[in-house]
Amino acid sequence: MPSKYDSILNVKTSLLTDYAKAPTFGSEFAAGADLYACIDPTQTVEIRPHETVKVSVGIKTEIPNGCVGLIFARSGLATKQDLAPANKVGVIDSDYRGEWFVPLHNHGNEVSVIANGER
């Protein structure tokens, strides 16, 4: 069944593992979709202070020509866990067909732990 995410710009999205989760919108008027960490459910990823780790999102897409996918920090991650995309804004070009990753940087002084399915 197509999701709202698929229908906005007719973006074809493939889940790459059984535990990957499709992007979702938090509300009817959300500006963007939430992405979810795709990590083996028996594992977690630790991001040490001032370290950057690439976290899989477990999807790949076919973004239409002339469009771009943008990944921004979630305010909750930035303010509560000191995590933000290392490159500040992730850019997915329309010709990129590979797996999506988010390089998360820990700006804080405590280890952050990411589990499967976290936004």
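Just so it is clear, the values below take in all heavy atoms, side chains as well, and ignore hydrogens, waters and symmetry mates.
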In the single-linkage hydrophobic clustering (I, L, V, M, F, W, Y; side-chain heavy atoms under 4.5 Å), do Phe101 and Ile63 co-cluster?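 Phe101 does not cluster with Ile63.
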Tell me whether Leu35 shares a hydrophobic cluster with Leu16, the cluster being built from Ile, Leu, Val, Met, Phe, Trp, Tyr side chains joined at under 4.5 Å. no
Distance, nearest 0.5 Å, that separates CG of Leu104 from CD of Glu118: 10.0 Å
Hey, what do you get for NE2 (His107) to OG (Ser112), rounding to the nearest 0.5 Å?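 Nearest 0.5 Å value for the NE2-OG distance: 10.5 Å.
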Is there a side-chain hydrogen bond (donor to acceptor under 3.5 Å, both in side chains) between Thr24 and Tyr36? Walk through the geometry before answering. CA-CA 9 Å; Thr24 62; Tyr36 298 88; 2.5 Å; yes
Check: Glu99/Ser56 side-chain N/O donor and acceptor closer than 3.5 Å: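 Short answer, yes.
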Would a 4.5 Å heavy-atom cut-off, applied to side chains only, mark [X] and [Y] as touching?
X	Y	value
Val57	Cys38	no
Val91	Val68	yes
Asp34	Pro23	no
Arg97	Lys60	no
Asn109	His50	yes
Ile92	Trp100	yes
Ile71	Val89	no
Ser14	Thr61	no

If every non-hydrogen atom of [X] is compared with every non-hydrogen atom of [Y], which pair is closest and at what distance?
X	Y	value
Ala86	Thr52	CB-CG2, 3.6 Å
Val113	Glu46	CG2-CG, 4.0 Å
Gly108	Pro49	O-CB, 3.2 Å
Val11	Pro64	CG2-CD, 4.0 Å
Gly58	Ala20	O-CB, 3.3 Å

Whether the side chain of [X] engages the backbone of [Y] through a donor-acceptor N/O pair (distance < 3.5 Å, no angle test) should be reported.
X	Y	value
Gln43	Asp40	no
Asn116	Ile39	yes
Asn106	Ile47	yes
Asp93	Asp95	no

Over 12 foreign heavy atoms within 6.0 Å of CD, Glu110: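 Open: at most 12 neighbouring heavy atoms sit under 6.0 Å from CD of Glu110.
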